[in-house]
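Read the structure below first, then the notes.
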Amino acid sequence: MPDFYYYALLAVTGSCLGSFANVVALRHIAGGDWVRAPSSCFACQRRLRFSENLPIISWLRHGGRCACGDRRLPLHYLGVELALGALLPLAFWRLGADDFPAAVPFILLLSIIFLTDLEAFIIPDRASLGGAGLGLVFAALDTPGLPDLKQALLGGLCGFALIYGTNALYRLWRHRDGMGFGDVKLMVMLGVWLGPTSLLPILFAASMAGAVFRIAMIFAQQNRQQTGPAQVPFGCFLVPAALGWLLFVPYALAA
């Protein structure tokens with residue numbers, strides 16, 4: 001089979017995973033069942049037919065509205081499906097056939113975390129701590145693409161200490177938390193999957209991006225004469241930084 005068909009199949013699979021990530025995030029925030037409940041319309045709760053549940057195609061077909069047309073869907077739902085549809089072929093190209101399989105659940109978990117943190121400032125324990133546990137199992141099985149078990153454990157401990165310690169210092173300085181405990185658990189997961197050497201670069205990149213975003217939000221609030229602190233979901237910056245490390249940094253250093 002030509003390589004084009006492999007990448008096309010990965011793109012379709014990625015868009016399906018993006019649709020699944022959207023459903024998991026939405027139902028987790030709403031407290032619904034994302035395991036057994038069938039796909040249904042956001043507005044009227046009617047069960048969706050197969051033709052109404054196709055990633056990307058259904059969104060475009062209905063003009064960004066739900067199946068019954070009574071509710072407009074957030075644009076980032078389509079963005080996640082497109083992003084995962086592009087990310088899986090990219091990951092396969094960058095990681096190769098050996099390391100790619102283990103990266104798929106990691107990418108899916110990070111996508112769910114990104115969405116829940118973006119919409120509700122929530123990082124689910126099932127995704128972060130569950131992802132850390134899954135990473136340790138893979139590491140114990142010597143799965144290609146992950147650190148060995150010793151490095152995975154060290155990475156998890158370093159991830160916890162790095163964010164927890166940083167937040168403790170911030171609390172002493174400003175007398176309030178700078179990050180939620182969900183960010184601590186996310187860094188534990190990243191340390192397990194990516195190893196301890198990845199943590200400082202990921203934290204630095206996410207912090208710089210978060211600082212720029214926060215400054216932009218402050219200026220926007222001033223222009224609109226709004227008051228109150230500009231809240232930033234830090235997990236939404238840790239996730240792309242971690243993906244950047246996964247796909248580019250180790251292979252660039254090896255070259």
Side-chain angles (χ1 to χ4, degrees), residues 1-29 32-43 46-69 71-119 124 126-127 130-131 134-135 138 143-146 189 193-194 236 239-240 242-248 251:
M1 183 182 295
D3 288 346
F4 168 78
Y5 293 106
Y6 284 118
Y7 286 105
L9 179 60
L10 288 171
V12 172
T13 303
S15 64
C16 292
L17 290 179
S19 178
F20 176 72
N22 280 326
V23 171
V24 172
L26 178 68
R27 293 187 181 179
H28 178 83
I29 293 170
D33 179 13
W34 56 268
V35 177
R36 290 168 296 182
S39 297
S40 57
C41 175
F42 290 115
R46 174 179 62 81
R47 183 168 181 173
L48 297 180
R49 297 187 294 270
F50 177 79
S51 61
E52 297 171 329
N53 205 27
L54 297 173
I56 301 175
I57 296 174
S58 295
W59 199 98
L60 296 175
R61 177 185 176 188
H62 294 286
R65 306 189 72 87
C66 60
C68 64
R71 179 178 172 185
R72 181 166 292 279
L73 303 178
L75 183 61
H76 68 256
Y77 284 12
L78 174 64
V80 170
E81 294 175 356
L82 290 171
L84 269 290
L87 193 56
L88 249 63
L90 176 63
F92 183 81
W93 174 59
R94 294 294 302 173
L95 303 179
D98 291 335
D99 294 350
F100 172 74
V104 174
F106 182 62
I107 291 172
L108 177 60
L109 289 169
L110 289 182
S111 302
I112 294 170
I113 289 170
F114 181 91
L115 288 169
T116 56
D117 203 26
L118 177 67
E119 295 194 23
R126 289 184 179 182
L134 180 63
F138 283 173
T143 304
L146 272 80
M189 174 186 167
W193 283 82
L194 302 176
C236 292
V239 166
L243 289 173
W245 178 277
L246 171 71
L247 298 179
F248 297 103
Y251 303 93

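- Side-chain contact check for Leu78 versus Leu60: some heavy-atom pair is nearer than 4.5 Å.
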**OP:** Any chance you could lay out the side-chain contact (heavy atoms from CB on, under 4.5 Å) test for Phe106 and Leu134, step after step, and finish with the verdict?
**Re:** CA-CA 9 Å; Phe106 182 62; Leu134 180 63; over 6 Å; no
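- Contact of the Ile107 side chain with the Leu246 side chain is registered, since non-hydrogen atoms from C-beta on lie closer than 4.5 Å.
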Original post:
Step by step, would you call Tyr6 with Asp3 a side-chain contact (heavy atoms from CB on, under 4.5 Å)?
Top reply: CA-CA 5 Å; Tyr6 284 118; Asp3 288 346; 4.1 Å; yes
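- Listed for the Trp193 side chain is a donor-acceptor partner under 3.5 Å among the backbone atoms of Gly131.
- Taken from CZ in Phe138 to CG in Leu146, the straight-line distance is 7.5 Å, to the nearest 0.5 Å.
- Minimum heavy-atom separation, Leu247 to Arg94: O-NE, 2.9 Å.
- With sequence neighbours excluded, no residue satisfies side chain to side chain contact (heavy atoms under 4.5 Å, CB included) with Pro101.
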Name the atoms and distances for all side-chain donor-acceptor pairs under 3.5 Å in residues 10-24, with sequence neighbours left out.
unit_1, atom_1, unit_2, atom_2, d
Thr13, OG1, Leu9, O, 2.9
Ser15, OG, Val12, O, 2.7
Asn22, ND2, Gly18, O, 3.3
Asn22, ND2, Tyr77, O, 3.0

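- In this structure, His76 and Leu115 have side chains that are in contact, with non-hydrogen atoms separated by less than 4.5 Å.
- Here the side chains of Met189 and Leu110 are in contact, with some heavy-atom distance below 4.5 Å.
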Sequence neighbours excluded and cut-off under 3.5 Å, please list the side-chain donor-acceptor pairs for residues 80-93, or say none.
unit_1, atom_1, unit_2, atom_2, d
Glu81, OE1, Ile56, N, 2.7

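- Here Ile113 contributes atom CD1 and His28 contributes atom NE2; the two are 10.0 Å apart, rounded to the nearest 0.5 Å.
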